[in-house]
Amino acid sequence: MTADFLLSRYPYILIALLFGIGLYGMTVKRNLMKKVIGMTIFQTSIYLFFIQGATKQGATIPVLDPEMGSSPELYINPLPQVIVLTAIVVGVAITGVALSLILVLHRRYGTLDEVELLRRMRESA
Amino acid sequence: MSQIPALIPTSLLLASLVALLVGLKSHRAAHLIALAGAVVAFVCSLLGLQAVIQGDGEAIRYAMGAWVPPIGIEFVLDSLAAYMVTLITFIGVMVLIYAPRSLAFETPGRQGMVYPSMTLVLAGLVGMCLTGDVFNLYVFLEIAALAAYALLAIGDRGAPVATLRYLLFGAVGGGFYLLGVAYLYFAAGTVNMADLSMRLPELMESQAVIVAAVLMVVGLGVKMALFPFHLWLPDVYTNAPSVSAGLIAPIMTKVSAYAIIRLFLDVFPPGFFTESLPIATTIGWVSAAGIVFGSVLAIAQHDYRRMLAYSSVGQLGYIGLGIGLANPLGMIGGLLHILNHALMKGLLFMIGGAVRLRFGTTKIPEYVGVGRAMPWTMVAFTVGVLAMVGIPPTAGFFSKWYLLLGAADAGAWIWFAVIIVSSLLSAIYFFRVVEMIYRDPETDSAVADHEPREAGEAPASMFWPITIMATAVMAVGIFNVLIVSALLERIVAPLGG
Amino acid sequence: MMDLLLDNRALVAILVSALAAVAVALTGEKRRNLRESWTVLAALAKFGIVFSMVPGVLAGERYEVNLLQISPGLELALKVDPAGILFAMSASFLWILTSFYAFGYMRGGGEHKQTRFFAWLAVCLSATIGICFSANLLTFVLFYEILSVATYPLVIHAGSEKAYRIGRQYLVYAITAGIALVAGTVLIQNAAGTLDFVAGGFLEAEMGTGLLWAVFVCFFIGFGVKAGVMPIHSWLPNAMIAPTPVSALLHAVAVVKAGVFGFVRLVGYTFGPDLMGAIGAAAVLAVFAGGTILLASFIALTKDDLKARLAYSTVGHLSYIVLGVALLAPQAMLGAAFHMVTHAAMKITLFFCAGAIYIHTGKKKVSQLDGIGHQMPLTLTAFGVGAVGLAGVPLVGGFISKWYLAAGAIDAGALVFLGVLLVSGILNAAYLLPIVTRAFFRRSPDHVKLDEASALMTVPIALTMVLSILLGVFPDAIFRFFSLSEAIVASVTGVTFGAMP
């Protein structure tokens, strides 16, 4: 019974695992680069959740194929795909800005240790 | 008239794009284009506001690209949205008029990139307020946030550190919100707000909907810097250029508060935030904690901007309390405080920039002599302080008035006491600055004089926006009934009479 | 145009000094005679406008002005009634005298920042008249808070480290009081749904004793701070660091009486005497006031600094009025109302004298005043009149108000408070009269030549002295203060007094 449950839900368990790993990296790690890596994993887990939620057994990509007909059973719901596509774009932009900030920080301070950076920032203020 | 919901963000987006291209060559031209875009958006907002008020709150709807909802995205200008976009574009115009002289001093050589970012922030924020689609709201949220990161990172030496921390917090907040949208979509099958409000009443008991509500509110709470998610905020405001702080502090966090209010009032069924799950009450309690925490820490600050930042943590709590009270008077207080606090905080950050331009400092103990050098700016400052403390007839008094009435109505006596005590605390930390400004080294041996870098009042391009904002703080207080009866009472109608 | 001004006289009376403040600020230090003339014009105009409404008010007319809504269903509204006009009359009349006195004082002492001083003084007067004429609690609170804030620049006028420290203390007290007032107002609005003052009160016992007590405590803090009720009085003696005209007009008349006036509005027009008595709040108020009267009188005995002694005397006398209101007996209320005027006239005389002595001879301490009566006989005579008046000697105003207070205490069956009044009368004499005897009956080589302060100061001193005596001999002459006091009592309690004493 438990095994069945786990088997049928295994994608969600993996997604939850990713979500946890991402949050862990963002909150616990002191190195800002690792935090950004955590952030990317965190975001990816949400994309996957969206996609997984919209999967349908035996259905295909949502592009109308004249040979298959137009029965909605045969196609995956396109809306989550569109949403995730947009979200990925947003996520990439965030990662880009984060990386450029990291570059500036590394040039300016020579370290990416958050505690050290905060200390120096508050000293200079 | 029906195109207004689309015109407001479009003019800002367009101005941003053109300003970006032009900004590579000339930051002056970029400034003019950005300002023009903001003015057009402001005028459109005013027209929309007028139309909504005359139409008795009837919303103006616009389907983007003629794709009719639920397939397409619709933009909705109703009372709440009109209220918010008018505020956002007004602050935008003021800060854009104010910006050039301050930027030339604080961030020389980088102005060209600032103007497109500013209009992009504005576009994102008005988009959040206008969109009728919970996922589209996420997109605009991140657009505004991304542009804001750019604006904040160009500040003092430590600014990128603070900004990166803000970015990480923001990403978590955005992620939680997006996850909430996913749950909501899987439960209700739509992301259109109007559709959701029709389908959700049947799903009051659904676990997925409850999870969705919690995730979305937590996500927006992080973006709003609701206690205890405020950790990013003080460092960010302390290191940001005056222009960025003047734009972002008044409106950015408020729009996230708006999003929570929108979910509360218009998307989720009436009573969902109060009965199915004590979401509103929880927001109220953390806000009350934030009010006390922010006010106490603000007393200990020596940097003017850092003091304002902690004050913001406290003031955002007032808005949260308004949500938490979940009765019409309390919500009116919270909504009115969105407007009042935006005007007051914008005013105070702009004055901080003007003092920095003339005196080269943001340290409160070095403000001695400012009152003599810039008398009229300091009159405006005093107005801002009186409003922050809540002295009638300034705007700040009336939001507290409605909040107190709401708290008394709900019998929430601890929150009542929190509002009372925090007014006293804010008097302490703000009058400290007033005192410093008007101290005179000639009669007072305890302070040293500070010679200004440049003599005189702030330049006209900074002085007039400050004056207008100070006037607005007074006017909104005296004429608050006009706003309350034309807009706010209609907005809080879902809470019942 | 003229009709418009006449119909809205209550508003014009408030605005005229606010306009003067702007004119003063814009005229500036360089043209100081022009600047001074704005103050004089506004003071005369304000008094004239207020005075012109007295006959109408006595005839039962209530001048009303409704400005605009400031909260749904709540208007910023003015209404001139006997209580309001009594306070407005005394404040605006004394402002005229204080203005001239202040010109002499500020010039004689070579004070700095005179423009700022006169501008804020004018703003304070606007707020005070606003308090007088407020038709509801919210309007009252609004002007009360403006008065609190506008007094701050006058308290820190000296600009010294000590002045700022005292200014901080003043602000904490004033803001706390203001917030307590707002809290109380919110509670009333929530429970009663109205804030309009009604003679005889508008609160109902059905609102629940707990709530009514909460409201009372809020207002006790809100008004008690300004009225100097112990134990929340300590800002007042410290605020004497302000220039003497401020101590005289604001800290003996306008600001502190605003707190006392608040108690009048609270007992007479919000709770109503019956409800105050029924829930027992009046007794508590009376006990605090009685304690303050005695304690303040004892403390005044120990003070060598002349202004500090007068300040504690003020603390005590303010509580006479509070006590008179709290006793709830019509006669006591009449005495309290009349004491608002007589104490103002007498105490301002004393402060004017103290200021004249300080500016002219540099002396601040009682122990330095030996023989000064030979140098400044007029000033010290005026001081003597004020002193015997405060002690309650007949033929000076203080006697009449104390008479009615005592009669009210007997009426109310509160013989303890009769004792308090008698003891404090003796203490008043004990801390004020030695100053006069010292000044005239001792000799000092410093003060032999006749040498008064400038006419700008002595003439106002003489006038306030005459006013103090006038109030004692013909209490209803010219200004109709006694009739106004009777009208207050009649409207609140329904009791009318027949002939005059």
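None of these values were measured; they are calculated from a predicted model. Residue numbering restarts at 1 for every chain, and letters A, B, ... go by the order of the sequence lines.
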Participant: If we define contacts as heavy-atom pairs under 4.5 Å, which of Leu386(B), Ile391(B), Val434(B), Ile419(B) has the most with chain C?
Facilitator: Ile391(B)
Participant: Below 4.5 Å from any heavy atom of chain C, which atoms of Leu482(B) appear? Answer side chain, backbone, both or neither.
Facilitator: neither
Participant: Tell me if the CH2 atom of Trp235(C) is crowded by more than 12 foreign heavy atoms within 6.0 Å.
Facilitator: yes
Participant: Which one of Ile332(B), Leu329(B), Leu424(B) has the most heavy-atom pairs closer than 4.5 Å to chain C?
Facilitator: Leu424(B)
Participant: For Val389(B), is it the side chain, the backbone, both or neither that has a heavy atom under 4.5 Å from a heavy atom of chain C?
Facilitator: side chain
Participant: Could you grab the distance from atom CG of Leu404(B) to atom CD of Gln189(C), nearest 0.5 Å is fine?
Facilitator: 12.0 Å
Participant: For Ser423(B), is it the side chain, the backbone, both, or neither that has a heavy atom closer than 4.5 Å to a heavy atom of chain C?
Facilitator: both
Participant: Rounded to the nearest 0.5 Å, what's the gap from CZ on Arg168(C) to CD1 on Ile428(B)? Could you check?
Facilitator: 11.0 Å
Participant: Taking all non-hydrogen atoms of both residues, which atom of Tyr164(C) and which atom of Tyr438(B) are closest, and how far apart?
Facilitator: OH-O, 3.1 Å
Participant: So how far is it from Leu68(C) CG to Phe479(B) CZ, rounded to the nearest 0.5 Å?
Facilitator: 6.0 Å
Participant: Between Arg165(C) and Glu435(B), does any side-chain N to carboxylate O distance fall below 4.0 Å?
Facilitator: no
Participant: Check each atom of Leu76(C) against the heavy atoms of chain B and say whether the ones under 4.5 Å are side chain, backbone, both or neither.
Facilitator: neither
Participant: Answer yes or no: does atom CZ of Phe463(B) have more than 12 heavy-atom neighbours from other residues, nucleotides or ligands under 6.0 Å?
Facilitator: yes
Participant: Counting only heavy atoms closer than 4.5 Å, note whether Ala408(B) contacts chain C via side chain, backbone, both or neither.
Facilitator: both
Participant: With a 4.5 angstrom heavy-atom cut-off, which part of Ile156(C) approaches chain B: side chain, backbone, both or neither?
Facilitator: neither
Participant: Given 3.5 Å as the limit, does a donor-acceptor pair link the side chain of Asp409(B) with the main chain of Asn190(C), or not?
Facilitator: no
Participant: Show the nearest heavy-atom pair for residues Leu142(C) and Pro392(B), with the distance to one decimal.
Facilitator: CA-CG, 3.6 Å
Participant: Closest approach of Pro72(C) and Val481(B), non-hydrogen atoms and distance?
Facilitator: N-CG2, 3.9 Å
Participant: If you count heavy atoms of other groups shown closer than 6.0 angstrom to CH2 of Trp413(B), is the number above 12?
Facilitator: yes
Participant: Where do Ile478(B) and Ile70(C) come nearest, in terms of heavy atoms and distance?
Facilitator: O-CG2, 3.9 Å
Participant: Nearest 0.5 Å please: distance from the SG atom of Cys218(C) over to the CD1 atom of Ile420(B).
Facilitator: 7.0 Å
Participant: Apply side-chain contact (heavy atoms from CB on, under 4.5 Å) to residues Lys400(B) and Val182(C) and explain how you reach the verdict.
Facilitator: CA-CA 10 Å; Lys400(B) 285 184 191 169; Val182(C) 172; over 6 Å; no
Participant: Just how far is it from atom OH of Tyr152(C) to atom OG1 of Thr382(B), taken to the nearest 0.5 Å?
Facilitator: 10.5 Å
Participant: Between OG1 of Thr185(C) and CH2 of Trp401(B), what distance do you get to the nearest 0.5 Å?
Facilitator: 6.0 Å
